Amino acid sequence: MARTLITSAIPYINGIKHLGNLVGSQLPADLHARFLRLSGHEVMFICATDEHGTPAELAALEAGEPVAQYCARMHKVQRELAKGFRLSFDYFGRSSSARNRDLTQHFAGRLADNGHLYEVTEQQIYSRHEQRFLPDRYVTGECPNCGYERARGDQCENCTKQLDPSDLINPRSQISGSSDLEMRRTKHLYLRQSKFIDRLDSWIDSQSDWPTLTVSIAKKWLHDGGGLQDRGITRDLVWGVPVQRGRQSWPGMEDKVFYVWFDAPIEYIAATAEWADANDRPDADWLRWWKTDEGAKDVRYVQFMGKDNVPFHTLSFPVTIMGSGEQWKLVDFIKSFNFLNYEGGQFSTSQKRGIFMDQALDTLPSDYWRWWLLSHAPEYSDSEFTWSSFVDGVNSDLANVLGNFISRVCRFCVRRFGSRVPEQGNWTDIEHDFTNRIQAHINDLASLMYAMEVRKSAQQLRKTWALGNEYIQLTAPWAAIRSDQERAATIISYALNLASIFSTISSPFIPDASARLRRSLHLENTPSWPTSIPDALRQLQPGAELSDPGVLFAKLTEKQCDQWKREFAGTR
RNA sequence: GGGCCUGUAGCUCAACGGUCAGAGCAGAGCGCUCAUAACGCUUUGGUUGGGGGUUCGAAUCCCUCCAGGCCUACCA
């Protein structure tokens, strides 16, 4: 059996994610995981919260909570929202877990043993008032270049000049406003990424099928300027994985933690271990997904992420893996996404602009969002959410094409055949023709789904749904039943079987509606992807009960659309 | 500043060197009345951002200009 390991970029802990975040990794990853499971693949689908780093500390501070407590609370919130959107993770872990601590320290130890780490003593801004070191961007002051007063320590937003915090005139802490700052010496560990340029280069070159976006970002980092630079992997923070060399302490590195981008991707591995722990399974059960020398040779590993995450997944994390000298699985395919915009601007977490996951679920069931977002996924360029487009898409695709097909067939059956699947007689040329067309459509759909062509898959699925209405229109059972009861029975049975097929092939996009439809057809909710459509069209037993599923998707009104436009116009 | 990406019908997007540049939505006409006033059929919309070049042939390759987006390594 084919095995696929799927990871979605892990969402940061400091708040509720917006729909742009959702469509950029977790949702398409879920689509792929659901499709592969339907197709009989063994799937391990992993996600987690990314909990370390300065923004988490600051968010906790703002919330007036200890950071560990804040993260635990926000993890639960994000986990519940993921459930609300029906994201079918096998495990939703935490980068603050003991498993990730141990693995992160293990990797650091291996890298050190293999000579890939070195110590650098450098000057860093320290705030005496807050008793903490400040990351460059948390220092603000006057730009020496253009005089802009709120320039950040890493770059001036006004003139875009790259800065060093020591360049700033009248520097102060962005966090407290305090100007009681000084330069302090501090020692950090650097990862020799530069040593891996050639290896990374040939590895990336060997990936002939990666998306342009993924490859071009990786290549730019690899070769621009002086080429890939070494990167500091430790920070002077409290909240994070304590710096250790495996199980050993690291002299001179006490009170330091690993950089969040060092431990975050390791959490993909750690979360799989957390999955094993949570299910009382031995280590071998998670290692067989990750170690090629412990059973993972046949695993295909696919990552989903937004384009901002690409450098860490194509370069830094692979260096961690390669540098360990151990047989950890490298990624086989990276599916990266552009950004989703909102009503002519950007979705923004910091400005709280757009629609956030909790608000979305309070407004409409998850299937509505899943369908629109996936059918408009920003695959090849940024794409745009507007309420009008959302309402049009939902009404046209879900209510009119799919929902109405289900409704007209089921209700006809309930009224004319007493809520039982009628006998399916011989097919005419019409049925033979439609069966061929349906088969071709579903074959194409399967190819697109396997290739992770998200928008095209949605388009193809919609085309397949439309065949249902075309069939009903052409065969006109309401006319047939007046003169030929048996013919009408055949038509309705054929259409009901088609509805059953739809419930299966649509389930990766709209799992709830699919399950509801299966309940009305009294089918078990463990479908598998149909390979022989002629057989699938004779699945339902004549005489089997069925019930009216009701309205699967309510049409959205212009009034609602206007209201939402107003409601979500400002910031939350 | 440098790099990458995008610009195609009113809207959202396909086509990535080769039959009249396609699809959905919106618009128009016809049909149907089982159904969520839904559905089906037909149909109107494009000098492919501007200009130049390469080629037998360009939306597609090259140059240039214009517009938008993203990244630029201590936010994640």
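Computed over heavy atoms, backbone and side chain alike; hydrogens, waters and symmetry mates excluded. Note that the structure is a prediction, hence the values are computed from the model and not measured. Chain A is the first sequence line, chain B the second, and so forth, proteins listed ahead of strands; every chain is numbered from 1.
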Can you tell me whether the side chain of [X] and the base of [N] have a donor-acceptor pair closer than 3.5 Å?
X        : N     : answer
A:Asn404 : B:A35 : yes
A:Gln124 : B:C74 : yes
A:Glu384 : B:C11 : no

Across the strands shown, which category fits [X] at heavy-atom distances under 4.0 angstrom: base, sugar-phosphate, nothing?
X        : result
A:Ile217 : nothing
A:Pro55  : sugar-phosphate
A:Arg416 : nothing
A:Gly306 : nothing
A:Gly403 : base
A:Gln229 : base
A:Val260 : sugar-phosphate
A:Asn14  : nothing

Checklist entry - Between A:His376 and A:Ser383, does any side-chain donor sit less than 3.5 Å from a side-chain acceptor? => result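 No.
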Next on the checklist: Going by side-chain hydrogen bond (donor to acceptor under 3.5 Å, both in side chains), name the pairs with one or both residues in residues 472-481 of chain A, residues two or more places apart or in two chains.
Outcome noted: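 As it turns out, the side-chain hydrogen bond (donor to acceptor under 3.5 Å, both in side chains) pairs with a partner in residues 472-481 of chain A, which skip direct neighbours, are A:Arg408-A:Gln473.
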Checklist entry - Among all residues two or more places apart in sequence or in another chain, which pass the side-chain hydrogen bond (donor to acceptor under 3.5 Å, both in side chains) test with A:Tyr190? => result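 Here the qualifying residues are A:Glu122.
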Item to check | Among B:C74, B:C71, B:C34, the nucleotide that comes nearest once only the side chain of A:Phe339 is considered | outcome: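 Within the option list, the nearest is B:C71.
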Checklist entry - Which listed nucleotide (B:G69, B:A76, B:A73) is nearest to the side chain of A:Lys307? => result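 From the listed options, B:G69 comes nearest.
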Next on the checklist: I'd like to know if the side chain of A:His18 reaches the main chain of A:Gly354, judged simply by a donor and an acceptor atom lying under 3.5 Å from each other, with no hydrogens or angles considered.
Outcome noted: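 Absent.
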Checklist entry - With nearest nucleotides of RNA chain B determined for A:Ser407 and A:Arg462 from heavy-atom distances, which residue corresponds to the more 5′ nucleotide? => result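 Final value for this comparison: A:Arg462.
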Next on the checklist: Dot-bracket for RNA chain B, please. Rules: Watson-Crick or G-U, both distances under 3.5 Å, ( ) within the strand, [ ] when a pair crosses earlier ones, | for another strand, . otherwise.
Outcome noted: (((((((..((((....[...)))).(((((.......))))).....(((((..]....))))))))))))....
Item to check | A:Asn400 CG to B:C32 P, straight-line distance once rounded to whole Å | outcome: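 It works out to 21 Å between those atoms.
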Checklist entry - What about the rings of A:Tyr342 and A:Phe347, do their centers lie closer together than 6.0 Å? => result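 They qualify: ring centres under 6.0 Å apart.
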